[in-house]
S.K.: 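Before we start, here is the structure in question, set down as C-alpha cells.
Each chain gets a letter, A, B and so on, in the order its sequence line appears, and its residues count up from 1.
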Number of protein chains: 2
Amino acid sequence: MATNWGSLLQDKQQLEELARQAVDRALAEGVLLRTSQEPTSSEVVSYAPFTLFPSLVPSALLEQAYAVQMDFNLLVDAVSQNAAFLEQTLSSTIKQDDFTARLFDIHKQVLKEGIAQTVFLGLNRSDYMFQRSADGSPALKQIEINTISASFGGLASRTPAVHRHVLSVLSKTKEAGKILSNNPSKGLALGIAKAWELYGSPNALVLLIAQEKERNIFDQRAIENELLARNIHVIRRTFEDISEKGSLDQDRRLFVDGQEIAVVYFRDGYMPRQYSLQNWEARLLLERSHAAKCPDIATQLAGTKKVQQELSRPGMLEMLLPGQPEAVARLRATFAGLYSLDVVQGDQAIAEALAAPSRFVLKPQREGGGNNLYGEEMVQALKQLKDSEERASYILMEKIEPEPFENCLLRPGSPARVVQCISELGIFGVYVRQEKTLVMNKHVGHLLRTKAIEHADGGVAAGVAVLDNPYPV
Amino acid sequence: MATNWGSLLQDKQQLEELARQAVDRALAEGVLLRTSQEPTSSEVVSYAPFTLFPSLVPSALLEQAYAVQMDFNLLVDAVSQNAAFLEQTLSSTIKQDDFTARLFDIHKQVLKEGIAQTVFLGLNRSDYMFQRSADGSPALKQIEINTISASFGGLASRTPAVHRHVLSVLSKTKEAGKILSNNPSKGLALGIAKAWELYGSPNALVLLIAQEKERNIFDQRAIENELLARNIHVIRRTFEDISEKGSLDQDRRLFVDGQEIAVVYFRDGYMPRQYSLQNWEARLLLERSHAAKCPDIATQLAGTKKVQQELSRPGMLEMLLPGQPEAVARLRATFAGLYSLDVVQGDQAIAEALAAPSRFVLKPQREGGGNNLYGEEMVQALKQLKDSEERASYILMEKIEPEPFENCLLRPGSPARVVQCISELGIFGVYVRQEKTLVMNKHVGHLLRTKAIEHADGGVAAGVAVLDNPYPV
C-alpha cells in the first residue's frame, strides 16, 4: 500500500515545521500523557506519541471491522455466560498459568455463591492487522480482543483534529475532510451511563479502578468528563483503597467510603504484577457485589488468548452463536490461523512453527503488550517448551504480515523520524445486558496505532506503537 | 462582595481532590503554558495557573464593560488617526522616554513617506477593576487599554469548561450553567480574517511576529487554529527573521521568504528589551509596508498611558468623538482619576499623592506588567522625580481598591492555596477599517484574571495573576 504523502516526507525542514505545528495542536487538543518521570502527577505533561500523517487504510477493511464488531460483542457475551465452555477451554491453561488460575478461582467462587450482578457491561476493543495476500488485496485479520481496560478511546477521540490540522497546513483541504470523525470516549461513556441507569440508584457512583502510577490518565479522564456531562459522578480508587474502604451490605450492594457504587470500570487488574494478595481480595469483593463490573471476571476470561484459539476450532462459533450463520461467517473471516499447544493437538503445530518460524508468533497468556515471541526467540522457547506441560499456557498464531509504508513518528524528546511502519486497527464495542436481555450492542469508534517495523510488538503506552488515524482509500 | 464558595474553601481534602480534577481538565482543554525551564519547546508543558472557582462579578458591571467596548474601539481608532493629538500629547513623554521616542520616530517617518497601509485592524483589550464605593455598589474603573499583543484571548476561550467541570463535580449544575461561554480567540481571528480578506490577495499570509522564547504559545496557537479553519495560513517569525528575510516591493507590498503578507499580527514589540537595533529596523520595514499591521504604530502609541491620561482631561473625548455624546458619557463613566506629572499640571498632583500615598499609583510608560509603584516606593520615586524632567514620562492614577474575596489559586508545583484575591476584567475589542470606512466594530469576549492581594501588580504570564471566569451575580 503506497502512501499519499511520499513527497512530503522528503523535505526535512518542512517536516520539522509541520511537526512543531502538529505537536502544539496535539497538546491543545488534549492528546496528553503524564511523563515517565512523574507518572503520578499532572504538574508537567507531554503529548502522547503520534504519527505526523494519517496512514492509509482500505475503506472496505474499515467497514468490515465495524460490521463484525457487534458479532464480537455477542460472542464475548456468550462466552462469558457459558461456564462449561470457559472451564473446559481454560482447564489446561490454569494448571500452568497462575494468573489465569486466580481469575478462574474468583469466577468459580462467584458462581458458587450465586451471581449478585444483574447488569452486565462490556467495553471491548477488537484489534486487527491487514495481512497482505498474493493478489495484493489486504485482508482483515484479528490479532486479539481486549475485554478489560481497552484503552486509548479517549485520546483517539482527540487525534482527528491533529491530522486535519497537518493536512490543512499543507493546503490539502479535501484530504483533511476525509479524516474520519471519531469519538469512542463518548460511546464508551454511553455504555457506562446505560449500565448506571439500569442499576437504578440515582445517587450511586461509577468507580474507576485506577493505577497509582498512570501516565495515560487523560485517556480515562475523557470518559469521566463525558459521564460528568450526564451528571454521573466518577470516583477513582486503587485496589488498595477498595480493600481498605470497600464493603458489601446484606444485599451485596457495593459501598466505597460510604457511597453506593453502580458500575465498576477496571483500568487496572489485567496483569499479574497489578495484584498483591490484598488486591486479589479487593477484586473478589468487587466481583461478589451487585454492581455492574466492566468487565465481570467471566468476561475478562473470555478475552484470554486460549479462548481466542479455542474459538477458531471448527464448530465452536456455531455452538456459541446458534442460529446465526451470518454472524459466524463474518467472525470467522477475520480469524488468523490459531493453534493450541496442548498435548493432544500441539505437536504438529510446534513442528510446523520450527520448520517455518517466520510464519508464526508464540503468545503467552498475557495482556498489556510486549510479551510475544518471534523468530529465533520463538524457536528457542518452543524447543524448551516442547516437552513441558507449561506449553499449554501458550498459543501459536499465524504471523500477520502487513505491507509496510512510510510515515513520520513524533515522540517527546526525539526528532521527527521517517520510518517504515505497520498499523493495527482497533474497533471499540459496547454492549449492556440486563439479566438475559441485551439492551445495547454497538460499535463506538476506532483506534489506529502505528509502529516502526523494527518493533514487532507492544502498545502505545509501552513506547512502541503511536496514535494514528486511518485515511480511508 | 462575598463568594458563593465560602464553605467549599474550608475542606482541605475536598479542595485537593477538586484541584486534581480541575488541573486535569485544564490540561485536557488546552489551558497550557510552556515551562519556564524550556520556553522555546513544547516537548513538556504545564497548565496556565488558574483559580479553582470562578469569581463573582456583578452582571451590571460585565454588561457595562461590554457595552463600552465598541466606544473604546472607536476612540483608539480616532486617536491613531489624529497625528496632531498624538504629537502634542506625547511631546513631553518622548523627551524623557527613549522607547516611546523610537516608536514615535517610526510613526513620523511613515507619515512623511505616506501611509501605504489601507486596511487597519485593531485587536485590543480594555482592562477594569471594580472600585468599592461607600454605598457598597462597586463601580467599573478602567485600568488601561492594551492595543498591542493583548493576550490570553486563546486560553480564556478554554477556561469556561474547567469551571463548569468543578461546579459539576460539586453537583452545582445550575451554577455550572451560569458560567458564561467565551470565545475571544474566534473573534480575534474573525478580525484578522476580515483584514486579510480586504487586503485582497488570496495567496497572501498572516505573519505573526513571535518571540523566540514564548511560554504563552498555546494562547497564540488558538488564534492560528481558528484562521487555519478558514483556510488562512499563518507563519510565525521573529523580528530577526524579518530583518533577514523580509522585503518590500515597489508598491511596498511585504514579502517574507518570498511569500506575500496580508496581515502582520504583533505578539512581540511592546517592551524596550524586545528591540535590538536590528529589530527596530525590522519594525520600520513592517510599518512602511502595505500590509495591515495589528496594530500599526499609531495605534500602539494610542495605547500609551500618557494618552490614557490625556483622554481623561475635560473636552478631549468630545474633540475626538464629535457628535457622539452617549459614547463619550459611557467612556468617561469608566475613567479613574488620572493626573499628568507634566511641569504645568503636575505639582498639585504630586502634593496630593505625597499627602495620601495609599490613594494613588505611579505608572511609568511601560507595557507588560510589573512596573507600577505603590505606597512607600511611590513616595520615594515621587520625591526623586519632583524636580526632574523625567517626571513627564510618568502618570499618576487613582488607586482602584476592589473588595477582596476568597478563592483558591492553582499553580504548577505549588499546593492549592486559599487566599484573599482581587480580580481584573478585560474585554476584547476588534475593529477593521478600510481607508476611512469602518468595516467591523465589535466586542468578542472577556478575560478575568485574579490575583492574591499581596501582589499589587503584574499579569498572568508574570506569575502573579491567574486565569479565572466571571460568575455573574
S.K.: Got a second to check how far B:R449's CZ is from B:F152's CZ, nearest 0.5 Å?
M.R.: 7.0 Å
S.K.: Does a side chain donor of either A:R215 or A:T35 reach within less than 3.5 Å of an acceptor in the other side chain?
M.R.: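 Their side chains do not contain a donor-acceptor pair, so the 3.5 Å distance test is not met.
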S.K.: Pick whichever of A:V31, A:V234, A:T173, A:V45 has the most heavy-atom pairs under 4.5 Å with chain B.
M.R.: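 Maximum pair count with chain B is reached by A:V45.
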S.K.: Taking side chain as C-beta onward, heavy atoms only, is A:N216 less than 4.5 Å from A:L33?
M.R.: yes
S.K.: Could you give all pairs that pass the ring pair (Phe, Tyr, Trp, His ring centres under 6.0 Å) test and reach residues 218-246 of chain A, with sequence neighbours left out?
M.R.: A:F239-A:Y275
S.K.: Does any backbone or side-chain atom of B:R236 lie under 4.5 Å from a heavy atom of chain A? Answer side chain, backbone, both or neither.
M.R.: neither
S.K.: Other residues, nucleotides and ligands only: do more than 12 of their heavy atoms fall within 6.0 Å of NZ on A:K186?
M.R.: no
S.K.: Identify which part of B:L32 has an atom lying under 4.5 Å from any heavy atom of chain A, answering side chain, backbone, both or neither.
M.R.: side chain
S.K.: Measuring heavy-atom distances to chain A, does B:I217 have an atom under 4.5 Å in its side chain, in its backbone, in both, or in neither?
M.R.: side chain
S.K.: Is the closest side-chain donor-acceptor distance between A:D241 and A:S243 under 3.5 Å?
M.R.: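 Per modelled atom types, A:D241 and A:S243 side chains form no pair under 3.5 Å.
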S.K.: Can you pull out the residues in residues 156-171 of chain B with any heavy atom less than 4.5 Å from chain A?
M.R.: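 The residues closer than 4.5 Å to chain A, in numerical order, are B:R158, B:H165, B:S168, B:V169, B:S171.
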S.K.: So which part of B:V23 gets closer than 4.5 Å to some heavy atom of chain A, the side chain, the backbone, both or neither?
M.R.: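 Interface part for B:V23: side chain.
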S.K.: Please check if the side chain of B:Y47 supplies one atom and the backbone of B:R411 the other of a donor-acceptor pair under 3.5 Å.
M.R.: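 Indeed, once roles are kept as given, a pair shorter than 3.5 Å links the two residues.
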S.K.: Top residue by heavy-atom pair count (under 4.5 Å) with chain B, among A:E29, A:Q21, A:E224?
M.R.: A:Q21
S.K.: Under 4.5 Å, counting heavy-atom pairs only, tell me which of B:A28, B:P412, B:S46 racks up the most with chain A.
M.R.: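 Heavy-atom pair counts peak at B:A28.
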S.K.: At a heavy-atom separation under 4.5 Å, does B:E17 approach chain A through its side chain, its backbone, both, or neither?
M.R.: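 No part of it gets close to chain A.
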S.K.: Quick one: do the A:R34 and A:S42 side chains pair a donor with an acceptor below 3.5 Å?
M.R.: yes
S.K.: Taking atom CD as the centre, does B:E212 end up with more than 12 heavy-atom neighbours from other residues, nucleotides or ligands that are less than 6.0 angstrom away?
M.R.: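 At most 12 heavy atoms, drawn from other residues, nucleotides or ligands, come within 6.0 Å of this atom.
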S.K.: Let's test your reading of the structure: which of B:N225, B:V44, B:N231 forms the most heavy-atom pairs below 4.5 Å with chain A?
M.R.: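 Among B:N225, B:V44, B:N231, the one with the most close pairs to chain A is B:N225.
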S.K.: Aromatic ring centroids of A:W196 and A:Y265 under 6.0 Å?
M.R.: no
